[in-house]
Amino acid sequence: MATATVVVKYGIIGVGMMGREHLINLHHLCNENVAVVAIADPHLPSQQLAINLAHSFSWPLKVFSGHKELLDSGLCDVLVVSTPNMTHYSILMDIINHSKPHHVLVEKPLCTTVSHCKEVVRAARKRPDILVQVGLEYRYMPPVAKLIEIVNGGSLGHVRMVSIREHRFPFLVKVNNWNRFNVNSGGTLVEKCCHFFDLMRLFVGANPVRVMASGAIDVNHKDEIYDGKVPDIIDNAYVIVEFDNGSRGMLDLCMFAEGSKNEQEISVVGDIGKGEAFVPESVVRLGTREAGRDGVQSVKAEDPRIKYDGLHHGSSYLEHLNFLGAIRGKGEKVPAVDLQDGLISVAIGVAAQLSIENGRFVTIQEVMDGLQV
């Protein structure tokens, strides 16, 4: 795996909707000498859909019903974990503790609980021969990446406030409806919103201190019943996050807002300017206090490297391209989104879920220490 002339062999664990999306993205990277050689999934319909896709790409696949069999096969250099959230912990621990090293790209959230995330982090520290990247790919969406570049360039000054609005459609149907229940997903603010908490932390350049949230299940899934149980995932929330440098972030989430022009609207305000990113419009706006409203500039954000837009506006393609570069870096590069990033994004989501349940601010320290009640 040291050079681009050596084929990097991938296995995908979990080939539901997102697993197949990874398969397609990796196909569009085939000129980088990558190939998907194996999949693992106990769900036969998902298996068959993945096999059909791979055959259309002329990729022969070895198919396993479980991840342990795939691990023991020794076929793969890199594994993509895109199984239901509640399975990430056990699968990651099996991969990390396996005698053969496998680099890993794990879908968000890293795990559904802070304690499990911490165990994965500790285990991975003992395996310097393994790289693990967490799938917080919103960083790579062209308008978001452009806004990150603007912030890092100092055009906004010291960032004081970050506001992220996601107004979108309800959760999609997944295999066995696993994503309808908090116990499986970690809760909406972990499952979906870890992306946004990761971005907040990136924009403000600081770590979270405490979280206050208000949310409920008001519209979606209330008439659904699975095995006698009604879904308990919230469909809207406001979340305020305070950071250790005095900055603040706010998330405005609504999952019954199909009538929105943009699914995500991100605003970052510093002491000298303001930047905004709009997805999927892919527009970035930049203005300064000095120039005022008339001086606001608007640019279209594009990335010519993207060969496949897919479900996330090209960000999954760029995520794979970045991780492949780290793998081929022979230890000189590290994943752009590491296990600590994954852990903290989950911790903020867990704190927000607890804040809604308890009606109070929840500190990150109590979540990290397991002290919450």
Side-chain angles (χ1 to χ4, degrees), residues 9-27 35-57 59-113 116-117 119-120 123 130 132-135 171-187 190-192 224-229 231 233 310-311 316 320 342:
K9 299 176 181 178
Y10 284 73
I12 301 178
I13 301 172
V15 285
M17 182 189 72
M18 198 59 213
R20 297 193 299 275
E21 176 76 357
H22 284 296
L23 179 60
I24 299 170
N25 274 283
L26 288 165
H27 166 67
V36 177
V37 299
I39 62 169
D41 197 312
H43 190 245
L44 294 178
S46 295
Q47 272 189 21
Q48 192 57 56
L49 288 168
I51 290 168
N52 294 344
L53 262 180
H55 285 177
S56 73
F57 302 150
W59 272 350
L61 278 185
K62 184 71 175 175
V63 180
F64 300 93
S65 60
H67 70 278
K68 291 183 179 179
E69 293 86 351
L70 189 156
L71 281 171
D72 291 339
S73 73
L75 291 171
C76 304
D77 307 307
V78 186
L79 298 175
V80 178
V81 177
S82 45
T83 55
N85 298 358
M86 68 285 189
T87 67
H88 289 185
Y89 167 71
S90 60
I91 292 172
L92 286 170
M93 293 300 283
D94 286 342
I95 294 170
I96 292 168
N97 291 324
H98 199 271
S99 56
K100 173 180 166 55
H102 297 85
H103 301 307
V104 188
L105 172 63
V106 56
E107 264 302 326
K108 61 78 196 165
L110 174 57
C111 300
T112 57
T113 69
H116 280 170
C117 288
E119 286 188 52
V120 169
I130 293 175
V132 184
Q133 177 153 322
V134 182
F171 278 123
L172 300 174
V173 175
K174 298 293 182 74
V175 173
N176 296 325
N177 303 293
W178 66 264
N179 65 338
R180 293 307 197 248
F181 298 95
N182 291 329
V183 68
N184 297 330
S185 69
V190 171
E191 147 63 17
K192 184 72 191 73
E224 300 173 12
I225 299 177
Y226 305 99
D227 297 325
K229 297 178 181 178
I233 48 170
L311 300 176
S316 294
H320 276 291

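What you see below is based on every heavy atom in this structure, not just the backbone, and it leaves out hydrogens, waters and symmetry mates.
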In Å and rounded to the nearest 0.5 Å, what is the [atom1] to [atom2] distance from [X] to [Y]?
X      : Y      : atom1 : atom2 : value
Asn85  : Leu110 : CG    : CG    : 10.5 Å
Trp178 : Met86  : CH2   : CE    : 7.0 Å
Asn25  : Tyr10  : CG    : OH    : 11.0 Å
Ser65  : Gln47  : OG    : CD    : 7.0 Å
Leu79  : Lys9   : CG    : NZ    : 13.5 Å
Ser316 : Met18  : OG    : CE    : 4.0 Å

What closest approach, in Å, do [X] and [Y] show between heavy atoms, and which atom pair accounts for it?
X      : Y      : value
Leu61  : Ile39  : CD1-CG2, 3.9 Å
Val120 : Cys111 : CG2-SG, 3.9 Å
Thr87  : Pro84  : OG1-O, 2.6 Å
Leu105 : His22  : CD2-CE1, 4.0 Å
Val81  : His88  : CG1-CD2, 4.1 Å
Pro109 : Ser185 : CG-O, 4.3 Å

Flag the pair [X] / [Y] as yes when at least one side-chain heavy-atom distance between them is below 4.5 Å, and no otherwise.
X      : Y      : result
Val190 : Thr112 : no
Leu70  : Cys76  : yes
Asp94  : Lys68  : yes
His320 : Val80  : yes
His103 : Gln133 : no
Ile233 : Asn182 : yes
Phe64  : Ile13  : no
Ile95  : Leu71  : yes

Can any side-chain N or O of [X] pair as donor or acceptor with the backbone N or O of [Y] at less than 3.5 Å?
X      : Y      : value
His43  : Gly16  : no
His102 : Ile130 : no
Arg20  : Ala50  : no
Glu191 : Asn179 : no

**OP:** Decide if atom CG of Asn52 counts as having more than 12 heavy atoms of other residues, nucleotides or ligands within a radius under 6.0 Å.
**Re:** yes
Original post:
When you look at NZ of Lys62, are more than 12 heavy atoms from neighbouring residues, nucleotides or ligands closer to it than 6.0 Å?
Top reply: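 No, because the 6.0 Å sphere around NZ of Lys62 holds 12 heavy atoms or fewer from other groups.
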Subject >> For Thr83, the option from Asp41, Val106, Ile91 that meets side chain to side chain contact (heavy atoms under 4.5 Å, CB included) >> reply: Ile91
Original post:
In a check of side chain to side chain contact (heavy atoms under 4.5 Å, CB included) between Glu21 and each of Leu26, Ile12, Leu311, which one passes?
Top reply: Leu311
Subject >> Partners passing ring-ring contact (aromatic ring centres under 6.0 Å, His included) against Tyr89 (at least two apart in sequence or in another chain) >> reply: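 Applying ring-ring contact (aromatic ring centres under 6.0 Å, His included) to Tyr89 gives His116.
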**OP:** Over 60° means perpendicular and under 30° means parallel, so classify the ring planes of His27 and Trp59, tilted if in between.
**Re:** perpendicular
**OP:** Output, in order, the C-alpha distance, side-chain angles, deciding distance and verdict of side chain to side chain contact (heavy atoms under 4.5 Å, CB included) for Val63 and Ile51.
**Re:** CA-CA 8 Å; Val63 180; Ile51 290 168; 3.7 Å; yes
